A.B. asks: 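Here's a structure for you.
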Amino acid sequence: MSLLFEGRVVLVTGAGGGLGREYALAFAERGASVVVNDLGADTKGGGKSSAAADKVVEEIRAKGGKAVANYDSVEDGEKVIQTALDAFGKIDVLVNNAGILRDRSFARTSDMDWDLIQRVHLRGSFLVTRAAWNHMKNQKFGRIIMTTSAAGIYGNFGQANYSAAKLGLLGLANTLAIEGSKYNITCNTIAPVAGSRLTETVMPPDLVASLKPEYVAPMVLWLCHEQCKENGGLFEVGGGWIGKLRWERSRGRVMRQKNQAMTPEGVRDEWDRICDFTDATKPTTVQASLQSVIEVMSQVESEGEVGANPTVAEASLASGSGINPMKAVGQKLPPTTFSFTHTQCILYALGVGMSTKDPDHLRFLYEGHPDFSCLPTFGVILSQAAMMDGGLSSIPELSIDFTQVLHGEQYLELYKPLPTSGTVTSETTIADVLDKGSGAVILLDVNTYSGAELVCYNQFSIFVVGAGGFGGKRSSDKAKAPVPPPKRAPDAVMIDSTTRDQAALYRLSGDWNPLHIDPSFAAMGGFKAPILHGLCSFGFAARHVLRQFADNDPSRFKAIKVRFVKPVMPGQSLRTEMWREGNRVHVQCKVKETDAVVLAGAYVDLHGASSGAPPEHLTRAGGLQSELVFAEIGRRIKDSGSELVKKVNAVFGWEITKDGKNAAQWTIDLKNGGGSLHEGPPGGKADVTFTVSDQDFMEVVQGKLNPQKAFFSGKLKVRGNIMLSQKLEVILKDYAKL
Ligand code: NAI
């Protein structure tokens, strides 16, 4: 379909010649009513004549088009626009094109040279645009073009006055693009190249003749058509070629720490890195531009040290600790696959103490049982190959001493009950590296898929003894934090003994570390005898909760978190203490014989109803208000998911915090299939991730807190493509009604 302008009123300033004339003719030819503005000045702004505009109007009319002339200077913006209103009743499209040159080397630039250029280009475009603005706003349609120049973008000898004015126009356009967007007013900027009387003094005649204005006009027409939604863009256009420009910003360097001042010497020493454009980002908004500054400030204030600072980290690499978080974080380990049948499921169940003594355990021990199922915590086995197969040693920035590695914490979340056989693939990312002084903590996020479907997510928290002190940060918003139990007597307690061969049995599920079987290896690690796998106690605790609060129904299991505090010896008894709080069961595990706490800050999250819980607890796991909103978003996606996918085409990650701790994660996928919502991190990569407290989230969706203010005050953190935030409006609007 051709792009027509029937019924549109177009004003082109400086349309008596050159590029402006070409635009005017092209718009008229496609049905627009055109106002041809031209003062009829010479190239330096001197003189005045109606002839230039009149001639173009005659040309248009001779071809059957609609046009009127206006002879005012663009400095009389109101009058210029009034001509459009008088002749055609409105103004839809404004091409700010009028221009003059007064080239001088900088030292010889007079006040007059400076002022005239600013007045015609920058002030003139401002005045005509301001006169048109409210009309466009009221009719909810407007297309505006600003004309800049390569001289403004890059600088050019002898054009200081012109360069300043021309780049000023880009700044003007950038803000108009933001202010106009909700009224369907777009504002784009072009830097044209064409042969005209302005360029004939600087270009050879055959170039002037070949760089025809008609090779620029189609770009202007497209940007001004109602179909074009481009806004705030900057384009170079000439000779039949069009390209787009944007800003690029180096990764930069953090130059200060809480107790370490920023100095000019520090800046000098880091200069090459400050200016290094490797992995540069491309910020597109003030928010994106400020984001890193805000992040650094909050990190410096809260941590007293800036973990992501490669200076510090690389110094420690040189000093031998072998950890370079700046480079390690975000890296992926080689993907692993794991195939299993019911044999592995049963072996695992035996490994974590299931027994035919308990008739209810049969569903986990006998493949012929009508409800034969896999224990939910088998999810760690599906993904542990990532760790066992030496994947970590594939990251050169993490050259650590593997004899010093301890399993610190574990988080597991299931997205569906585990299958009892199949092949799964795991993708592991180094989520973060923390410096705890005495050691380093490596956070590994593992997503496990069956085909394209995300089955479970694990976060392994690995403690490397003696690898700390590299100047990194102490905590991470990526970490799944342990939560202490309520301060009351436990609601339920279960005691279960491990056998002398518990570790020998558990290791057959794939954790072959000799620490759990070989006495001399255990002695090297400082233990009297081989110790039980932490993940074995973890399995005991999880099945105690499942038994006590979920009738051994694996489909009720959602997630588990534990911190490993002390080792358990095979043969000791485990005492699992449980506290029920809504759908969360807090857990603490002790060795019965010594009363030593072995699993701390642990919890199991369950799905749906279960014995004894009051119903209001059930709809709000963890008491988060945001859950209601996500539930509603889920319903909307069900209703009109495919339509939203077309409009939005992005994956949004949400990290909801409460009392400063991570409380929930949600993924709104409006990119794949018919769209979906699930609780937990995205299967692949989120295009943008928001971190916000439950309370601030509610204030934003209820319209009480402006999202931009929340962003600038640090209440709302955004990672990834911040521009996509705007698209959220589609899914979040009307929440005030909730
Ligand atoms: P041009 O000199 O052929 O056209 C400019 C027109 O603006 C003239 O007809 C002139 O009478 C008119 N004009 C001057 N002052 C005015 C005022 N105060 N009020 C109303 N009209 C006024 O020049 P050209 O090449 O067509 O330039 C058009 C625009 O493109 C200018 O803004 C120029 O700076 C810009 N540009 C052109 C380039 C080129 O290669 N031709 C390169 C970069 C930018």
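Both ligands and their constituent atoms are indexed starting at 1 by order of listing. Not measured: the values here are computed from a predicted model.
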A.B. asks: Under 3.5 Å between any N/O of S73 and any N/O of ligand 1: does that happen in this structure?
C.D. replies: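 Right, the criterion is met.
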A.B. asks: Is any N or O atom of V120, backbone or side chain, closer than 3.5 Å to an N or O atom of ligand 1?
C.D. replies: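 For ligand 1, there is no N or O atom that lies under 3.5 Å from one belonging to V120.
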A.B. asks: Any salt bridge (Lys or Arg N to Asp or Glu O under 4.0 Å) involving residues 21-34? Give me the pairs, sequence neighbours left out, ordered by first then second residue.
C.D. replies: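 Salt bridge (Lys or Arg N to Asp or Glu O under 4.0 Å) check on residues 21-34 returns R21-E59.
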A.B. asks: If we count only N and O atoms by modelled type, under 3.5 Å, do the side chains of N231 and T186 hold a donor and an acceptor together?
C.D. replies: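 No, no side-chain donor-acceptor contact under 3.5 Å.
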A.B. asks: Does even one non-hydrogen atom of K166 get within less than 4.0 Å of ligand 1?
C.D. replies: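 Heavy atoms of K166 do come under 4.0 Å of ligand 1.
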A.B. asks: To check your reading of the model: name the closest protein heavy atom to atom 9 (O) of ligand 1, its residue, and the distance in Å.
C.D. replies: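 Among all protein heavy atoms, the one nearest atom 9 (O) of ligand 1 is D38 OD2, 2.6 Å.
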A.B. asks: Are any of the heavy atoms in T13 under 4.0 Å away from ligand 1?
C.D. replies: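 No; T13 lies far enough from ligand 1 that no heavy-atom distance drops under 4.0 Å.
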A.B. asks: Would Y162 count as a polar contact of ligand 1, with the cut-off being nitrogen or oxygen pairs under 3.5 Å?
C.D. replies: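 Yes, at least one N or O pair falls under 3.5 Å.
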A.B. asks: Within a distance under 4.0 Å of any heavy atom of G18, pick out the atoms of ligand 1 and give their elements.
C.D. replies: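 Those qualifying, in numeric order: 3 (O), 26 (O).
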A.B. asks: Going by heavy atoms, is G124 under 4.0 Å from ligand 1?
C.D. replies: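 So G124 does not count as touching ligand 1.
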A.B. asks: Using the ring pair (Phe, Tyr, Trp, His ring centres under 6.0 Å) criterion, which residues pair with F141? Sequence neighbours excluded.
C.D. replies: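 F141: no ring pair (Phe, Tyr, Trp, His ring centres under 6.0 Å) contacts found.
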A.B. asks: Would you call T148 a ligand 1 contact, heavy-atom distance under 4.0 Å?
C.D. replies: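 Contact check T148 vs ligand 1: positive.
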